[in-house]
Amino acid sequence: MYSIAIDGPAGAGKSTIAKAIAERIGFIYVDTGAMYRAIALYFLRKGIDGHDRERIAAECPNIHVSLAYDDEGRQQVILNGENVTGYIRKEEVGKMASVTSAVPEVREALLDLQRDMAKTSDVLMDGRDIGTNVLPDASLKIYLTASSEVRARRRYDELKEKGMDCDLAVIKEDIIARDKQDMEREIAPLCKAEDAVLIDSSDLSVPEVIDTVIAEFNKVK
Ligand code: DC
């Protein structure tokens, strides 16, 4: 089995790149952020304060997240039997996921599921702690980043394209706050694994990043 781990901060383009590569090389794409988002959605729906760590930990045994794939191979996230894929992309869910993913019981609830997927299939998994924690023996580890300016600009363009009203400075502040939260938490913080290949996509196009990752994979397979 081969596994590719792609980690990096919010907005670095991980999922766009990961989806395209997985499709090209026939691997299953596992978006672990979506799993943390599903759990965050559970807490938001229940009106639970993301900072109430005791309450969050106590609820974990009631939360079951699993993944399924539709006919086109797109990942679907199932939360306690409900397909919540359409509800997890909102900004508030991402922010809540960044807070609640710092609770050890939340991470434990997902760890085995993530590792098991890599035991049975060739996977390309993206997230924050894949190379450092989930798959320390991954065939290839990539740390994909870009400057906060570039990440904010990309997000701004994406929202504008959808006709949404937004403010570049606010988006940049949110990105910096999320980086800080994900990098400074005690358990499995976002950081580059020592043996990960660093790719800064600030001045690279999507096809250039894809080609770089595939070239790295060809070296190890
Ligand atoms: O990649 P994303 O925006 O969908 O992730 C949402 C949050 O989930 C992110 O801010 C931190 C958390 N996360 C994590 O802690 N570990 C992962 N492997 C993936 C995501």
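As the structure is a prediction and not an experimental result, all values here were calculated from the model. For this chain, numbers begin at 1 and follow the sequence in order. Heavy atoms only: backbone and side chains are in, while hydrogens, waters and symmetry mates are out. Counting starts at 1 for both ligands and their atoms, in listed order.
Atom 7 (C) of ligand 1 has A97 CB, 3.7 Å as its closest protein atom, hydrogens excluded (heavy atom only). Of the protein's non-hydrogen atoms, R178 NH1, 3.7 Å is the one closest to atom 6 (C) of ligand 1. The protein atom (non-hydrogen) at minimum distance from atom 19 (C) of ligand 1 is T32 OG1, 3.4 Å. Nearest protein heavy-atom neighbour of atom 8 (O) of ligand 1: Y36 CB, 3.5 Å.
Of the N or O atoms in R128, one or more lie within a sub-3.5 Å distance of an N or O in ligand 1. Checked against a 3.5 angstrom limit, the closest N/O atoms of D129 and ligand 1 fall inside it. Distances between N or O atoms of R107 and those of ligand 1 include at least one value under 3.5 Å. In terms of polar-atom proximity, R37 is counted as a contact of ligand 1, with an N or O under 3.5 Å from an N or O of the ligand.
For K95, the closest heavy-atom approach to ligand 1 does not fall below 4.0 Å. Ligand 1 has at least one atom lying under 4.0 Å from a heavy atom of R185.
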Checklist entry - Where do Y143 and V197 land on the side chain to side chain contact (heavy atoms under 4.5 Å, CB included) test, with the steps shown first? => result CA-CA 6 Å; Y143 190 83; V197 178; over 6 Å; no
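A salt bridge is absent between D52 and K46: the closest approach of a Lys/Arg side-chain nitrogen to an acidic carboxylate oxygen does not fall below 4.0 angstrom. With respect to R128 and D7, no salt bridge is recorded, no charged nitrogen being found less than 4.0 Å from a carboxylate O.
Looking only at distances, a side-chain donor or acceptor of K141 sits under 3.5 Å from a matching main-chain atom of P136.
Taking every heavy atom of S101 and a limit of under 4.0 angstrom, the matching atoms of ligand 1 come to 11 (C), 12 (C), 15 (O).
E23 CD: 12 or fewer foreign heavy atoms inside a 6.0 Å radius. Under a cut-off of 6.0 angstrom, the local environment of CG in N62 is crowded, with over 12 non-hydrogen atoms contributed by other residues, nucleotides or ligands.
Both cation-pi conditions hold for R45 and Y87: the charged atom is under 6.0 angstrom from the six-membered ring centre and inside a 45 degree cone around its axis.
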